[in-house]
Amino acid sequence: MGNVVDNEISPDDGVIVVKDLFKTFGKLRVLKGISLSVEAGKTTVIIGPSGCGKTVLMNHMIVLDRPTRGEIYFRSERIDELNEKELAPIRVQYGFLFQGGALFDSLDVFENIIFPIRQHRKITDWKAIDELVKTKLAMVGMEGFQNHYPASLSGGQQKRVALARAIALDPHIILYDEPTTGLDPIRSDVINELILKLKRELKVTSVVVTHDMKSAYKIADHIIMLHEGKIIAEGDTDYIRNHPHDVVQQFIHGRVSEADLAALRLGGTKFKTQYAPEDFK
Ligand SMILES: Nc1ncnc2c1ncn2[C@@H]1O[C@H](COP(=O)(O)OP(=O)(O)OP(=O)(O)O)[C@@H](O)[C@H]1O
Ligand SMILES: [Mg+2]
């Protein structure tokens with residue numbers, strides 16, 4: 001898949017297709033004409049600076065947000081105009097790992113995992129549900145944690161339980177919003193391996209939003225970089241790694257731009273309460 005020219009994208013180009021998407025909140029223009037397609041069975045990674053609209057874009061993929069302008073397709077069907085009731089059978093095919101994990105603190109691990117099942121059907125066969133919870137916990141390496149409450153789990157364990165919940169309904173598509181943020185490198189890599197395993201074993205299609213380039217390079221088949229509400233670069237990992245654009249290089253190497261440095265210098269007095277270099281001499 002090469003670069004996609006706006007407006008030329010067709011609803012059949014992928015399992016999810018976003019066409020010429022604009023999103024505005026009040027006066028804030030967040031997305032300014034995004035067109036992309038997500039290929040079935042592949043992992044598409046979306047990168048870009050904090051606040052550039054990655055979460056907003058991902059929310060549109062399951063219509064948790066509605067476009068200001070533009071179209072969203074799922075399996076060639078236009079979904080952004082459907083009502084909540086019509087969206088339910090579509091959303092049930094997705095797993096969503098929200099930014100921050102978002103487990104319910106008042107529910108134990110077992111109840112958290114079956115939450116999406118309860119939303120979609122009435123549970124009668126509790127033995128099967130017990131088995132299902134066991135299987136999902138085993139997949140994420142959290143066997144035996146059914147009766148723990150989120151507060152007693154580490155950040156990495158909470159993410160893995162949230163992932164077990166995201167796969168409770170055997171989704172064809174999993175959307176991961178910052179799955180490794182806040183985790184140490186080893187726990188991050190456990191999540192990367194899980195994403196790869198779900199793709200390999202369950203053939204899931206994944207969309208992953210991340211800041212973590214190590215993770216992006218490891219899991220991505222296709223990388224899309226957002227900048228100021230538009231797609232600035234799109235391609236496979238090698239293409240992105242060697243991208244000639246300064247903004248792309250600065251982002252993937254975690255360097256601040258000249259403009260950012262200038263802003264920091266101007267705002268110098270704001271940092272009065274912090275240590276000065278001479279404090280360390
Ligand atoms: N419901 C909303 N109402 C108003 N503004 C919003 C809303 N949702 C998001 N925004 C704004 O849209 C912009 C993009 O937000 P978004 O959460 O998508 O950023 P992001 O790229 O996911 O950032 P991060 O990497 O920090 O998670 C931000 O300026 C945010 O404040
Ligand atoms: Mg976000």
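Each ligand, and each atom within it, is numbered from 1 in the order the structure gives. Quick note: residue numbers are just sequence positions, from 1. Since we're looking at a predicted model, the values are computed, not measured.
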Identity and distance of the protein heavy atom lying nearest [atom]:
atom	result
atom 26 (O) of ligand 1	S50 OG, 2.5 Å
atom 29 (O) of ligand 1	L28 CD2, 3.5 Å
atom 28 (C) of ligand 1	G51 O, 3.9 Å
atom 25 (O) of ligand 1	K54 NZ, 2.7 Å
atom 27 (O) of ligand 1	Q99 NE2, 2.9 Å
atom 3 (N) of ligand 1	F25 CD2, 3.3 Å

Give a yes/no answer: is there an N/O/S atom of M58 under 2.8 Å from the Mg ion (ligand 2)?
no

Tell me, please, whether Y217 has K214 positioned over its six-membered ring: NZ or CZ under 6.0 Å from the ring centre and within 45 degrees of its axis?
no

Would you say the side chain of P67 lies within less than 4.5 Å of the side chain of K23, judging by non-hydrogen atoms?
no

Would you call R91 and E84 a side-chain contact if the rule is heavy atoms closer than 4.5 Å?
yes

Using heavy atoms and a 4.0 Å limit, tell me yes or no: is [X] in contact with ligand 1?
X	value
E178	yes
H211	yes
G48	no

Is ligand 1 under 4.0 Å from a heavy atom in the side chain of D65, in the backbone, in both, or in neither?
neither

Would you find more than 12 non-hydrogen atoms of other residues, nucleotides or ligands less than 6.0 Å from [X] atom [atom1]?
X	atom1	answer
K230	NZ	no
R29	CZ	no
R75	CZ	yes
R121	CZ	no

Out of D177, V30, V209, the nearest non-hydrogen contact to atom 12 (O) of ligand 1 is supplied by V30

So which of L57, T55, L64, V56 gets nearest to atom 22 (O) of ligand 1, if we judge by its closest heavy atom?
T55

How about Y176 and F96: are their ring centres within less than 6.0 Å of each other?
no

From the list V45, L57, I232, T44, side-chain contact (heavy atoms from CB on, under 4.5 Å) with I224 holds only for T44

Under a 4.0 angstrom heavy-atom cut-off, which atoms of ligand 1 come close to G53?
14 (C), 16 (P), 18 (O), 19 (O), 20 (P), 21 (O)

